[in-house]
Every structure is written in structure tokens, then in C-alpha cells.
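Have a look at the structure below before the remarks.
All values below come from the heavy atoms of this structure, side chains included, with hydrogens, waters and symmetry mates left out. First the proteins, then the strands, lettered A, B, ... as listed; each starts at 1.
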Amino acid sequence: MHIKIKEREIEMINEALKEIQRGTAEVIDEERIEKLLKAYFEEGKTYTVKAGFDPTAPDLHLGHTVLLQKLAIFQKYGARVQFLIGSFTATIGDPTGKNITRKVLSKEDIVKNISSYTTQAFKILDESKTDIVYNDDWLGKMSAADMITLASNLTVARMLERDDFSKRFKSNTPIATSEFMYPLLQGYDSVYLKSDVEIGGTDQKFNLLMGRQLQKAYDIKKQQAVLMMPILEGLDGVQKMSKSLGNYIGVSDAPNDMFGKVLSISDDLMWRYYELLSNKSLDEIAVLQQGVQDQTLHPKKVKEDLAFEITARFHSADAAQNAKTEFEKVHAKSQIPTDIAEFSVNETVWICKALVDCAIEPSTSQARRDIKQGGVKIDQIKISDDKLQLTTGEYLLQVGKRKFAKLKVN
RNA sequence: GGUGGGAUAGUCAAGUGGCCAACGACGGCAGACUGUAAAUCUGCUCCCUAUGGGUUCAGAGGUUCGACUCCUCUUCCCACCA
């Protein structure tokens, strides 16, 4: 009897471990994670998992949710999440980038960003098992002496080992001295929070390990396990998903956009997204993959299912269904979308100007070019005259396949 | 602190007195094609009611009929030396 319970426990722990390991790029100190899980299953002991977020932009995208979903898994198995907001680092500004020093955010901006951040995050995380912490609560109080003590834990040679520093150093890209402080500060967060596990992207490896090193140096009697998630590629399938590259799917994107963006990824990239973003089990995904290979399943159908799942997660099943119908209407059958922005003017307008005013062209020069190339339609009919004047009436303006506007001329 | 090198469009990167709104690559946009907003191929890619005009090559001056190109100063970056 007793042995049976033991067996059941081991099974559960293994199951949990498997789920935790899914999609990870690297796990350091797996044993520790196993021990934490064991303590949870046997004694109901909870533990802490830390993840840091930078509040510089108010929008989360799917790249962030890879981490969030992993955190949610941990919550399922007894973890309290330390949702760390890098409020200190944001206020001093990160000098990464060339000549432009990043704008220093005001306290109000940060607070504003964070509230939108957390509402988005709680679409995935369990709020009751999450502690939101701000690192300026402790980093802000450190003295110069504390900082120097902290800095003495790291040699310049070691710092230069860090991949992006060494790359930048070799390619003569500037590195500000303050940037050297970042890994230390992030590592110190783990000391202060006494984190049991920290998760982050593979690009964070150095910083994550710094947490381990500093926890040892400050002798807090534990060293965090580190779990690294791969960086999610953006829509282009090459570069990492980021807002500045414009290849992202935002958590708060409209359902139609979200659905369409997922469908626009390549068939290869789709599997990556499945692994990192879908709630389907790896076995289920393998079945889909096999199906596509045998040609018993159409890749478009598989991709649509993924688009549906993701859209439904951040909106609702209904919204996802609508997005799907809409997409088919607009793209497969090339009909016009349901919702189109409407504009009106009070006098005859020149077509190029009208397109700019309706925000579907950036400049009249661009509008002329698109007209010349046959990219502009009025009421579904291609036009070729870039001098056309729109007189009284209602028009459906279209640029390319995706940009629509209704214009009423009075 | 000294010496030398550099800053060009969204990014990277050519251009070293007129042929420069500025090669090329990437990105972006449009067209064709397609299961897709994928892939591929083609065209376009500073602004302006345009066979013309305006504003650009870190910033400010100067030389010249004419400057991204030459000179001076300023700002920022890099390397070597200290």
C-alpha cells in the first residue's frame, strides 16, 4: 500500500518534470527542480520561480508568453511566481543601441505600463499564485559601497565572456560601463528574493547564471535552478520576435490580426509555434506532423487550428471563430471585410489625398506609385488614373489586399 | 591626456567636386501566382496635385559657378598609446 503511493508520487513527479522540460533550450540543475517537486508532492511545500520583465513597452507579445506559459506550468505544480518588474533598471535607462540613449521612463509611465502588463499576463498566469515585485524596492536603496561590493563579484574578463559583450567588443560596437552592472543587478534580485528557480530566454543565460553565483557569494543557502526557453522567432521565422522589428503577434492584437498573423507564418515555423505556444501535448503534435507528412492533413488546416487556439486564448472561442470566418471571406474568397473604417469629407477630393486622409497610404507619392502599379481599387475596380477626383458619393477604397476604407464625399 | 580612423535614407553599406534623391543588400509596399498575409517571380521604395518643384548624406560655418565629396570648428563613436 505504502509502496503504491510512492510509485504514484514518482509518476506524478516525472509527469510534472516532463511538462516543465517541454520546449526548454537548457535546464541547469535539474536535480534541484526534481527535489522541489518532490517536496511539493510529498509535503505540500511550495517554492518560488522568478522571471524578470522589462516594463519599457506596454505590450506583451507571444515571445513573452512562452515564458508566461512555462510559469503557469510551474504554478500548476506548487510554485509561487515572483513576477519581477525591472523598475530600477528601467529608470536608469539601458544604453544598449548606438548613439541613442534609451529614454528614461518616468515612474508614472512605468506604473501605467505595468498595469497593462499584468492584466495581459494574468490571461495566462494564476493571479493568486503570483507575487508582483519591483526591483527598485531593494536596488534603489543600495549605497555606493553596496554596489561596489556587488561589483567585486565579477571580473572584467568573465564579463567579456558573455556572448553579446564579446560580439560587440569584437565588432567595435560601444559598450557602456553601466551595462556591466546589469547582470549583477539581475543576479542580486535572486539573492534578495531567495528564488528557487529562475526562468528566462537563452539570451539571458549569463544573467541567470549570475544569480546562482551571487546567491552562493552572499551565502543565502540556496542556488537557484535555471531554466532557459528558446527565443521565439518572429513572423519572418528568422529574427527573434520583437516589437521593434515589427514581426510580432501582440497579446492585445485584435482577433482578426492575431488569426491572420499566425496564418502568415511559414509551414516550418508553425511546428515551432506549436511546441512553444500550443497547449496540445507533444504526442498530439507528433500526430499532426505525421498527418501533414502523409498528406492526410492539410498544412493550412493545421495552421488554422493553431491560429484558432491562440486567438481563443487571448480573446474567446467566439472571437476566434469570427476571425476565422472573416479571414476566409477576405482572403480565400477575396471579398471585403465586415468592419471598415469610415471617413467623410465635405468637398471633392483628389484620390491620392483621400487615400492619405483615410490612413491607408503614408504619402501621396506612395499613393501615386500604387495606383500606377494597379494596387488601388475603388468599389472593387482597379483604377489607373492618379489624377482622379472623387465627387459627391460613397466610395470603397482599397490598397493592396488588406487595407480598406470607406469614404463619403458630401 | 596624445595620435589616428569614422558618422550616408528603416537597417547594413557604396559613393572622395558636376552624370547624385545618391550603387547594392536586407526590410517594407504593390502586382502575378497560391491552401495562406508562406514560397517564388516582377516592379516600386525622401516629400509635394508632379514630364515640374522642394528638402536630404552627424551639426554649424567656409571655399567653389557647383559639395555627400575640399577646409574650419562642434558633437558622438572606434582603435592604438598613456
Side-chain angles (χ1 to χ4, degrees), chain A residues 95-101 167-177 179 233-250 253-273 291-292 295-308 310-311 323-337 345 347-357 359-377 381-390 397-404:
Chain A
T96 309
K98 272 141 258 170
N99 304 327
I100 317 117
T101 310
K167 269 188 201 144
R168 282 163 66 189
F169 194 67
K170 277 180 199 144
S171 68
N172 295 342
T173 312
I175 302 170
T177 309
E179 289 182 76
E233 291 87 351
L235 299 176
D236 52 45
V238 181
Q239 287 183 282
K240 74 169 186 174
M241 184 176 283
S242 87
K243 194 166 183 181
S244 52
L245 293 172
N247 61 357
Y248 71 104
I249 301 177
D253 276 357
N256 288 350
D257 286 340
M258 203 178 264
F259 192 89
K261 280 181 182 175
V262 176
L263 267 196
S264 82
I265 63 175
S266 72
D267 290 356
D268 284 343
L269 187 61
M270 164 170 82
W271 300 115
R272 181 96 170 131
Y273 277 36
V292 169
Q295 305 201 338
T296 49
L297 263 177
H298 200 296
K300 170 137 192 255
K301 167 81 174 74
V302 179
K303 206 183 289 176
E304 267 176 356
D305 289 348
L306 177 67
F308 189 93
I310 291 174
T311 310
K324 187 175 170 180
T325 316
E326 185 76 7
F327 190 89
E328 274 161 20
K329 188 173 160 191
V330 178
H331 299 288
K333 301 180 186 152
S334 61
Q335 293 171 345
I336 54 170
V345 290
E347 54 191 347
T348 300
V349 281
W350 174 44
I351 177 66
C352 294
K353 188 96 176 63
L355 293 168
V356 174
D357 287 346
I360 51 178
E361 285 284 20
S363 70
T364 57
S365 298
Q366 182 65 45
R368 278 168 191 279
R369 281 180 221 121
D370 284 338
I371 290 172
K372 255 181 234 155
Q373 294 187 117
V376 176
K377 290 179 188 170
I381 297 160
K382 261 184 206 174
I383 61 163
S384 53
D385 179 12
D386 65 2
K387 290 196 175 68
L388 189 70
Q389 297 290 330
L390 299 179
L397 308 177
Q398 179 181 0
V399 177
K401 289 170 191 151
R402 299 155 56 189
K403 286 174 286 188
F404 293 87

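The side chain of Ser365(A) lies closest to C48(B), out of C29(B), C48(B), C44(B). Closest approach to the Arg368(A) side chain among C48(B), A37(B), A50(B) is made by A50(B) (side chain taken as heavy atoms from C-beta onward). In this structure, the nucleotide among A37(B), C29(B), U36(B) sitting nearest to the side chain of Lys403(A) is C29(B). Picking from A37(B), U36(B), C29(B) the nucleotide with the shortest atom distance to the side chain of Lys303(A) gives U36(B).
Using a 4.0 Å heavy-atom criterion, one finds that Gly374(A) contacts the sugar-phosphate atoms exclusively. Residue contacts shown for Lys382(A) are limited to sugar-phosphate atoms, with no base heavy atom under 4.0 Å away. Within the nucleic acid shown, Gln389(A) comes within 4.0 Å of at least one base atom, counting heavy atoms only.
If you check G35(B) for Watson-Crick or wobble pairing at under 3.5 angstrom, you find it has no partner at all. Pair assignment for C26(B) gives G10(B), based on Watson-Crick or G-U wobble hydrogen-bonding distances that are each under 3.5 Å. Partner assigned to A60(B) is U72(B), using Watson-Crick or G-U wobble distances below 3.5 angstrom.
Minimum heavy-atom separation, Lys387(A) to Trp350(A): CA-NE1, 3.6 Å. Taking every heavy atom of both residues into account, Ile336(A) and Lys329(A) meet most closely at O-CE, 3.3 Å.
Between the side chain of Asp267(A) and the base of G35(B), at least one donor-acceptor pair of N or O atoms lies under 3.5 Å. Between the base of G31(B) and the side chain of Gln373(A) there is no donor-acceptor pair shorter than 3.5 Å.
For Thr325(A), the side chain to side chain contact (heavy atoms under 4.5 Å, CB included) partners two or more places apart in sequence, or in a different chain, are Gln321(A).
In this entry the distance linking CZ of Arg369(A) with P of G28(B) reads 17 Å, nearest Å. Straight-line distance from the NZ atom of Lys301(A) to the P atom of U36(B): 17 Å, rounded to whole Å. The NZ atom of Lys372(A) sits 17 Å away from the P atom of A30(B) (whole-angstrom rounding). In this structure, the CE atom of Met258(A) is 16 Å from the C1' atom of A37(B), given to the nearest Å. Rounded to an integer number of Å, the gap from Lys401(A) NZ to G31(B) C1' is 8 Å. As rounded to whole Å, 17 Å separates atom P of G35(B) from atom CG of Leu297(A). Distance Ile360(A) CD1 to C29(B) C1': 13 Å, rounded to the nearest Å.
A salt bridge is defined here as a Lys NZ or Arg NE, NH1 or NH2 lying under 4.0 Å from an Asp or Glu carboxylate O, and Arg272(A) with Asp268(A) fails to meet this definition.
More than 12 heavy atoms of other residues, nucleotides or ligands lie within 6.0 Å of NZ in Lys403(A), so this atom counts as buried by the packing criterion.
For the C1' atoms, the distance from U74(B) to C23(B) is 32 Å, rounded to whole Å. Between U16(B) and A22(B), the distance separating the two C1' atoms is 14 Å to the nearest Å. Of the C1' atoms belonging to G52(B) and A21(B), the separation is 15 Å, rounded to the nearest Å.
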Set out, line by line, the N/O atom pairs under 3.5 Å between protein and nucleotides 20-26 of chain B.
none

Return the polar atom pairs (N/O with N/O) between nucleotides 52-57 of chain B and the protein under 3.5 Å, or none.
none

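Position along RNA chain B of the nearest nucleotide to Lys300(A) versus Ser266(A) favours Lys300(A) as the more 5'-ward residue. Judged by closest nucleotide on RNA chain B, Val376(A) is the one of Val262(A) and Val376(A) placed further toward the 5' end.
In this structure, A50(B) shows a glycosidic angle within 90 degrees of zero, which is the syn conformation.
The side-chain tip of Lys377(A) does not point at the ring of Phe404(A) from less than 6.0 angstrom away and within 45° of straight on.
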Exercise for the section: Kindly indicate, with the supporting measurements, whether the criterion side-chain contact (heavy atoms from CB on, under 4.5 Å) is fulfilled by Val262(A) and Ile249(A). Expected result: CA-CA 8 Å; Val262(A) 176; Ile249(A) 301 177; 3.7 Å; yes
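Proximity of Thr364(A) to the phosphate of A50(B): no side-chain N or O atom is located under 4.0 Å from OP1 or OP2.
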